[in-house]
Amino acid sequence: MKTQSFDFDLPEKCIALRPCEPRDAARLLVVEPKQNACNEGSLLKDHFIKNLPDLLQPGDVLIINDTRVIPAALKGVRIREDLRANMSCNLIKRHDAFRWQVLARPAKKLQVGDLIRFGNINLTGSTEQLTATVSMKGEQGCLDLTFNIGGDGLDKAIAHLGQMPIPPYIAGKREADENDRQNYQTIFAANDGAVAAPTAGLHFTQKLFEALKQQGIQQQTLTLHVGAGTFLPVKA
């Protein structure tokens, strides 16, 4: 199996830069079980998310991921002696109180020891500057940053200075904005930790949940933090 087997053309008109309103007006592709389709009929059916209560049966269980997306996209300035350069990064994985693995752009000229300045944050009544040092450089833009602030203070700084990590195919066409803080969060998000949106859950509304409940659909919750695989290239 080769990676080029998965290449496909995505027409510009098919790239939605904003979510539809209401959320459950989004389209839903249903794959019918073979025994439910006639011999000549298609197993694929077009529906809308709002039709979900009619597609499930009483007693079915809907599993809800209550992960909450953190504003994991940061913009900063790389500083090396008298040289300055703008850069951006997406947080991928937290190593400890001070260190994060990130995906940086552009990363080619970044070197271990470079200082990155992200901006100012007010903590405990005083203004501090959030900076980080490149502590390890990997392949394809992945590197480790060691921040000057750790623990809860770093979480607050990221929440203040960061932007929501919108997909690259959207970010290449528009800047992230305040609307994305709501658009890229599910209505049942509760536990911080995702660095990318759990996209299937974005389509649910409170009205849809009420309809599911009336239909006898059960609900269970888990917390599965979404990683940055959506931003990383396929390596093999």
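Computed from a prediction, not measured in an experiment: that's the story for all the values here. Computed over heavy atoms, backbone and side chain alike; hydrogens, waters and symmetry mates excluded.
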Take Asn86 and Arg78 through the side chain to side chain contact (heavy atoms under 4.5 Å, CB included) test and state the conclusion after the steps. CA-CA 6 Å; Asn86 293 328; Arg78 186 207 71 196; over 6 Å; no
Does the distance from a Lys or Arg side-chain N to an Asp or Glu carboxylate O, for [X] and [Y], drop under 4.0 Å?
X: Glu175; Y: Lys75; value: yes
X: Glu178; Y: Arg181; value: yes
X: Lys2; Y: Asp7; value: no
X: Asp144; Y: Lys93; value: no

ring-ring contact (aromatic ring centres under 6.0 Å, His included): which pairs involve [range], sequence neighbours left out?
range: residues 111-131; value: Phe118-Phe147
range: residues 160-184; value: none
range: residues 187-209; value: Phe188-Phe209, Phe204-Phe209

Between [atom1] of [X] and [atom2] of [Y], what distance do you get to the nearest 0.5 Å?
X: Leu130; Y: Asn120; atom1: CG; atom2: CG; value: 9.5 Å
X: Glu32; Y: Leu43; atom1: CD; atom2: CG; value: 8.0 Å
X: Leu115; Y: Thr131; atom1: CG; atom2: OG1; value: 5.0 Å
X: Lys156; Y: Asn122; atom1: NZ; atom2: CG; value: 10.5 Å
X: Ser88; Y: Leu74; atom1: OG; atom2: CG; value: 9.5 Å
X: Ser135; Y: Gln101; atom1: OG; atom2: CD; value: 10.5 Å

Taking all non-hydrogen atoms of both residues into account, name the closest pair between [X] and [Y] and its distance.
X: Thr186; Y: Ala189; answer: OG1-N, 3.1 Å
X: Ala196; Y: Val69; answer: O-CG2, 3.8 Å
X: Asp114; Y: Lys109; answer: OD2-O, 4.0 Å
X: Ala132; Y: Leu145; answer: CB-CB, 4.0 Å
X: Val195; Y: Gly227; answer: CG2-C, 3.7 Å
X: Pro71; Y: Ala159; answer: CG-CA, 3.6 Å

Short side-chain to backbone donor-acceptor contact, Arg84 and Glu81, under 3.5 Å: yes
Has Lys173 got a side-chain atom pairing as donor or acceptor with Ile15's backbone, closer than 3.5 angstrom? no
With a 4.5 Å heavy-atom cut-off, do [X] and [Y] have their side chains touching?
X: Met164; Y: Gln185; result: yes
X: Leu154; Y: Arg94; result: yes
X: Val77; Y: Ile116; result: no
X: Arg174; Y: Asp180; result: yes
X: Gln111; Y: Lys137; result: no
X: Leu103; Y: Cys89; result: no
X: Val30; Y: Leu44; result: no
X: Ile158; Y: Trp100; result: yes

Any chain of hydrophobic side-chain contacts (each under 4.5 Å) joining [X] to [Y]?
X: Phe8; Y: Ile170; value: yes
X: Leu212; Y: Leu28; value: yes
X: Met87; Y: Leu161; value: yes
X: Ile187; Y: Leu208; value: yes

Would you say that more than 12 heavy atoms from the other residues, nucleotides or ligands in this model lie under 6.0 Å from the CZ of Arg18, or not? yes
Going through the checks in order, is the side-chain hydrogen bond (donor to acceptor under 3.5 Å, both in side chains) test met by Arg105 and Asn90? CA-CA 9 Å; Arg105 297 180 300 274; Asn90 274 84; 3.2 Å; yes
By side chain to side chain contact (heavy atoms under 4.5 Å, CB included), Asp152 pairs with (sequence neighbours left out) Asp155
Show me, pair by pair, the donor-acceptor contacts under 3.5 angstrom made by side chains of residues 49-61, not counting sequence neighbours?
{"unit_1": "Asn51", "atom_1": "OD1", "unit_2": "Phe48", "atom_2": "N", "d": "2.8"}
{"unit_1": "Asp60", "atom_1": "OD2", "unit_2": "Gln57", "atom_2": "N", "d": "2.7"}

Less than 3.5 Å apart, which donor and acceptor atoms pair up between the side chains of residues 215-226 and the rest of the protein, not counting sequence neighbours?
{"unit_1": "Thr223", "atom_1": "OG1", "unit_2": "Asp66", "atom_2": "OD1", "d": "2.5"}
{"unit_1": "Thr223", "atom_1": "OG1", "unit_2": "Asn191", "atom_2": "ND2", "d": "3.1"}
{"unit_1": "His225", "atom_1": "ND1", "unit_2": "Thr67", "atom_2": "OG1", "d": "2.7"}
{"unit_1": "His225", "atom_1": "NE2", "unit_2": "Asp192", "atom_2": "O", "d": "3.4"}

Polar side chain donor-acceptor pair, Asp24 to Thr205, under 3.5 angstrom: yes
Report yes or no: do Asn183 and Arg23 form a side-chain donor-acceptor pair below 3.5 Å? no
